[in-house]
Amino acid sequence: MRCLLFQFRFRNAWACPNAAAAIADITSFRIWGYPGLGDHFLSRCGRRRIALLINIIFYDKPGPDLAQTFARGAISLAFCRSNRLKMSGMVLRPVFFLSLFGVTLSLGAESRRVLKPDDFALIRDVDEPNLSPDGESIAYVVGTVDLTKDKQPKNLWLAHWDGSENRALTFGDTQQTHPRWSPDGKWLAFLSSRTDEGDNDQLWILSRGGGEAEKLTTEKGSVDDFAWAPDSKRIVLVVHDPDPREPEAKEKEKKTVPPIVIDRFQFKQDIAGYLTNRWSHLQLLDLATRKVASLTGGQHDDLLPSWSPDGKKIAFVSKRGENADRTENWDIYLIEPKPGAKERQLTATPEADGHPDWESAPAWSPDGKTIAYIHGGDPKKIAYATHSLATISAAGGEPKFLTAALDRNFIQPHWAADGKSIFALLEDDGAATLVRVAAEGGDLETVAGGRRTVTAYDVSPGGKVIVRASTPDRPFEIFAVERGDLRSLTEQNDPLLAQVQLGRVEETKFKSQDGTEIHGFLVHPPNAKSGGKLPAILRPHGGPQSQYANEFDFEKQLFAASGYLVVLPNPRGSTGRGTDYAMGIYAAWGSVDVQDDLAAVDDAIARGLADPDRLGVAGWSYGGMSTNYLIATTTRFKAAISGASISNVLAGYGTDQYIRDYEYELGSPWAHPEVWAKISYPFLHADKIKTPTLFLCGEKDYNVPLLNSEQMYQALQTLGVPTELVIYPGQFHQIKKPSYILDRYQRYLDWLARYIHR
């Protein structure tokens, strides 16, 4: 006997009085692993037989019970050896008749298990949605985890707008990313390093009609980005200069590798390593001849290209000037798509225009007269300042700042087909939504809102809209936006969600020590008994210029599955609530944000949820810094985990990638030693720390280098405080190797269990 997962979806099951009425409103019937087969069953067997089956399973329970059940998972039905149904060469034996079927329910909370550390490998990372020009097909990327090969492959998938198909386009254990349809809809281009000896991404192309992918480029450097011309005959590439040392490095056992010569102000960056005179420039690929010609050059990066509607110009962002390394003054430039053309600077404000960190290419209006882009705030306020939506005439002139008064972050502009409005993503207080604003400015219109997080979207020429969205109980998936509602198009993670019980996520508001209102989240253990006080983990977020939001987070759910109440505050320093709120810790790290974090714990205790005698704290990056600040401030935590953190901030100067941030926010150490000393108190007053602390870091982390964790580990060892240091070989700021990710999760739980009695 074989079991498969079935899923039914309804238009409005909540309003249905019973199962039969709900089935009459079915919109789709899915069978996992067999795209399109469920809808075939629906058409062959009819709603009446399925309704009869569901009625028997649920004993005609009221609509809300039925809807809740379907919202939480799928039905597992047994297949028998009769009533064959052929489709696409497969012979299946579905049970749709009362005399033949067997049923196994896997929906109730009591029958579903909690998460385990290795479940992270079952989460599918769904990203980079791209609509075909006719709006009928969606290309997207699915990232998976292969624990056996210790890899994280990414492959391209294709979904149909009507839900009739959802299938993989590429296979294998490498990474295929950045799918983009040609404007004529005939081709799908993407980036991949497969078959490249230097592991550099190259441009590949797939015919919409099927067949094998074709490699279009053989650049010595990496192709990092690209954009189709409107005629579908040309593609502009962003190509990074090759490392001249790499050929010798492959022969390092036979030859001496040349020295690294550095003369730049910023000379280190995580993953990239030491920054020498290697840059990214635009190149033009002619598809008919397969020839590549250079468009830009020089000692600067040219990024995020975007074609004008008539194909006569390309907009891109670049940072120029003698002291470009010392500023964040990115600007938008225009160039004709032909070798030898001279670029023209379009924006000239002292603030960043189109900063690459925002991953937002300039967007041309349909008539080609105006460009929408993202405009940064006061450079001295660095990432604490909000960035807004702006427009400027393609002929030049003064920009219009459409959303600056809203004091919220906007990214990813995209013009509506009629040229009257602009789509963008808005970050706001624990959520990120898709909105639309009139081209001349004005009130926002919500396109895909609610308490969720939308990180990417696309709009077809005909007006169809898709989004990449997540809620606390569902990982990111791709959805169609229809009249403000979201219809699922991918459902890659539904099979896992049908097996596990997640912790309930609650939004919170509370007052800090000085009366400031702080917002955050709590994740409740899925099997917690009501009325009992729980061991709790405070989990400060990284950044600090980021926010906890309404989205699925495996790590937080894993803590909850292990019996901990997880406390997730958005203290001052966080984004989502304006520049002033974020600036609360400007040059004052470990001050009011520590008060806000502790207030989150106090709130959970005051509500009778957290046990004050069983508290832990665990963070990564700035969250690890916050952990260090907290354990140097109070001894109330029984255990601490500090990942990729720094405490002696002076040790970061010249050893990490934040030289510009230091110069703007703290000033030089010799000019303002008191500021540097004040924010370094966890190291300079390490004798106040009594909490057993686990330190972790990637060996090659240039974001917050390993030496900082080594210093704190050594300090606690000297002081006799229980401590361990875990170093992940070859890893950067973000741990990528699956076996190390699993190791880290298990170490988290083991360390907490050692010191916090549950």
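Along the sequence shown, residues carry numbers from 1.
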Asks: Can you classify the ring geometry of F423 versus Y457 as parallel (below 30°), tilted (30 to 60°) or perpendicular (above 60°)?
Replies: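 Ring orientation of F423 relative to Y457: tilted.
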Asks: Restricting to side chain to side chain contact (heavy atoms under 4.5 Å, CB included), what partner residues turn up for T174, sequence neighbours left out?
Replies: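 Scan of T174 (side chain to side chain contact (heavy atoms under 4.5 Å, CB included), adjacent residues dropped) gives Q176, S192, R194.
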Asks: Applying side chain to side chain contact (heavy atoms under 4.5 Å, CB included), can you list everything that pairs with A431, at least two apart in sequence or on another chain?
Replies: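 Counting only residues at least two positions away or on another chain, A431 forms a side chain to side chain contact (heavy atoms under 4.5 Å, CB included) with R451.
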Asks: With sequence neighbours left out, write down each residue that passes ring pair (Phe, Tyr, Trp, His ring centres under 6.0 Å) with Y658, or none if nothing qualifies.
Replies: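 Listed in chain order: nothing, the list is empty.
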Asks: Applying side-chain hydrogen bond (donor to acceptor under 3.5 Å, both in side chains), can you list everything that pairs with R436, at least two apart in sequence or on another chain?
Replies: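 Only E445 meet the side-chain hydrogen bond (donor to acceptor under 3.5 Å, both in side chains) criterion with R436.
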Asks: Would you tell me whether Q557 and D553 have side-chain atoms, one donor and one acceptor, within less than 3.5 Å of each other?
Replies: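 Checked: Q557/D553 side chains show no N/O donor-acceptor pair below 3.5 Å.
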Asks: My understanding is that only residues two or more places apart in sequence, or in another chain, count here; which of them pass side chain to side chain contact (heavy atoms under 4.5 Å, CB included) with P705?
Replies: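 Result, side chain to side chain contact (heavy atoms under 4.5 Å, CB included) vs P705: T655, D656, L707, N708.
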Asks: Which residues satisfy the ring pair (Phe, Tyr, Trp, His ring centres under 6.0 Å) test with H355, sequence neighbours excluded?
Replies: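 Here the qualifying residues are W330, W358.
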Asks: Taking side-chain hydrogen bond (donor to acceptor under 3.5 Å, both in side chains) as the test, write out the residues that go with D224, two or more places apart.
Replies: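 For D224, the residues satisfying side-chain hydrogen bond (donor to acceptor under 3.5 Å, both in side chains) (neighbours in sequence not counted) are S222.
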Asks: Quick one: list whatever passes side-chain hydrogen bond (donor to acceptor under 3.5 Å, both in side chains) with Q269, sequence neighbours left out.
Replies: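 Listed in chain order: nothing, the list is empty.
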Asks: F476 ring centre to R468 NZ or CZ under 6.0 Å, with the angle to the axis within 45°?
Replies: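 So R468 does make the cation-pi contact.
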Asks: Holding to side chain to side chain contact (heavy atoms under 4.5 Å, CB included), I want the full list of residues that pass it with Y745, two or more places apart in sequence or in another chain.
Replies: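 Counting only residues at least two positions away or on another chain, Y745 forms a side chain to side chain contact (heavy atoms under 4.5 Å, CB included) with P117, F120, F554, E555, L558, I741, Y748.
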Asks: Check side-chain hydrogen bond (donor to acceptor under 3.5 Å, both in side chains) between K154 and all other residues, then give those that pass, not counting sequence neighbours.
Replies: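 Result, side-chain hydrogen bond (donor to acceptor under 3.5 Å, both in side chains) vs K154: none returned.
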Asks: Test the R539-W620 pair against the cation-pi criterion, namely NZ or CZ under 6.0 angstrom from the six-membered ring centroid and within 45° of the ring axis.
Replies: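 Checked: cation-pi criterion not met.
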Asks: Any salt bridge linking R124 with E477? Criterion: basic side-chain nitrogen under 4.0 Å from a carboxylate oxygen.
Replies: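 A salt bridge is absent here (no side-chain N lies under 4.0 Å from a carboxylate O).
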Asks: Restricting to ring pair (Phe, Tyr, Trp, His ring centres under 6.0 Å), what partner residues turn up for H178, sequence neighbours left out?
Replies: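 Partners of H178 by the ring pair (Phe, Tyr, Trp, His ring centres under 6.0 Å) criterion, ordered by chain and then number, come out as F226.
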Asks: Could you tell me which residues satisfy salt bridge (Lys or Arg N to Asp or Glu O under 4.0 Å) with D302, sequence neighbours excluded, listed by chain and number?
Replies: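 Per chain and number, D302 pairs via salt bridge (Lys or Arg N to Asp or Glu O under 4.0 Å) with R320.
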